[in-house]
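Heads up: the structure comes next, in structure tokens.
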Amino acid sequence: MEYVLRIWTADFFYQNETRLTAIWKYVKSTDGIIELLTILPFFFLNGMVVFRMLRVVRIFHLFRLNANYDSFSVIRTVIYDKRNQLLSSIFVIFIVMLASSLLMYNVENPVQPDAFTDAFSGI
């Protein structure tokens, strides 16, 4: 169904082409070929071994989805844009851990001197 809808709406993707030219461009594009190879095994499951082996091509569908929306680039962009906030948060967490370690040492050292030998053993 998705392949049929993509062919039907190909003229929106290739706006400067006529409808038939846009459909033909989509069919012979990389996305169109991968999509076709992805659905071919569904129709020929009882047929030749070659078409059974084409089931592996369904993995290419994931590559096509990843090419359209690269989530790692989005994450990288967000981390780069928010790097100052992230660094300040890491700094605050470090200070809170250090302060709580010193507090734990002061509270627990008299009771458990073997477990809390120095100020950093509370971390």
Side-chain angles (χ1 to χ4, degrees):
M1 186 68 171
E2 181 184 351
Y3 188 68
V4 171
L5 288 173
R6 288 186 184 273
I7 288 175
W8 186 32
T9 58
D11 55 340
F12 293 112
F13 189 68
Y14 300 102
Q15 293 179 355
N16 297 332
E17 306 291 336
T18 63
R19 181 162 176 74
L20 290 176
T21 308
I23 290 172
W24 181 245
K25 274 191 167 185
Y26 174 73
V27 168
K28 66 179 192 172
S29 70
T30 306
D31 289 340
I33 292 170
I34 290 174
E35 187 74 29
L36 181 65
L37 290 176
T38 302
I39 64 169
L40 272 181
F42 177 75
F43 296 111
F44 298 104
L45 287 178
N46 297 327
M48 297 181 283
V49 177
V50 174
F51 287 113
R52 285 188 196 156
M53 293 175 72
L54 280 177
R55 283 188 240 175
V56 177
V57 176
R58 290 181 184 174
I59 295 171
F60 289 129
H61 186 71
L62 296 174
F63 293 129
R64 185 181 57 80
L65 289 175
N66 195 25
N68 290 339
Y69 185 75
D70 190 7
S71 57
F72 291 117
S73 69
V74 172
I75 292 170
R76 185 177 59 233
T77 303
V78 169
I79 288 175
Y80 183 76
D81 289 344
K82 302 295 181 183
R83 67 184 180 275
N84 292 333
Q85 290 91 341
L86 289 171
L87 288 174
S88 63
S89 297
I90 290 170
F91 180 73
V92 168
I93 289 170
F94 177 75
I95 296 297
V96 167
M97 284 181 59
L98 187 62
S100 65
S101 172
L102 292 171
L103 179 68
M104 287 301 295
Y105 174 73
N106 287 330
V107 170
E108 293 289 334
N109 187 19
V111 180
Q112 299 179 15
D114 295 336
F116 293 92
T117 56
D118 58 3
F120 295 108
S121 61
I123 291 178

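Here the CE-CE distance, from M97 to M104, works out to 12.5 Å after rounding to the nearest 0.5 Å. Note that CG of N109 and CG of D114 are 9.5 Å apart. Values are rounded to the nearest 0.5 Å.
Using a 4.5 Å cut-off between side-chain heavy atoms of Ile, Leu, Val, Met, Phe, Trp and Tyr, with links allowed through other members, I23 and L36 fall into the same hydrophobic cluster. No single ILVMFWY cluster, assembled from side-chain heavy atoms under 4.5 Å apart, contains both Y105 and V107. I93 and L98 fall within the same hydrophobic cluster, where Ile, Leu, Val, Met, Phe, Trp and Tyr residues are linked whenever their side-chain heavy atoms come under 4.5 Å apart, directly or through other members.
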Carefully, step by step, assess S29 and F13 under the rule side-chain contact (heavy atoms from CB on, under 4.5 Å).
CA-CA 12 Å; S29 70; F13 189 68; over 6 Å; no
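Taking all atoms of both residues into account, the shortest heavy-atom contact from A10 to Y26 is CB-CB, 4.0 Å. The heavy-atom pair separating V27 from I33 by the smallest distance is O-CG1, 3.7 Å. Across all non-hydrogen atoms, the minimal contact from T117 to P113 is CG2-O, 3.7 Å.
For the pair R6 and Y3, the cation-pi test (distance below 6.0 Å, angle within 45°) is failed.
For residues 15-25, the side-chain hydrogen bond (donor to acceptor under 3.5 Å, both in side chains) pairs, not counting sequence neighbours, are D11-R19, E17-K25, T18-T21.
A donor-acceptor pair is defined here as one N or O able to donate and one able to accept, closer than 3.5 Å; such a pair exists between the side chain of S89 and the backbone of Q85.
In terms of the salt bridge (charged side-chain N to carboxylate O under 4.0 Å, His left out) criterion, E108 has no residue partners (sequence neighbours excluded).
The shortest side-chain heavy-atom distance between Y80 and T77 does not fall under the 4.5 Å cut-off.
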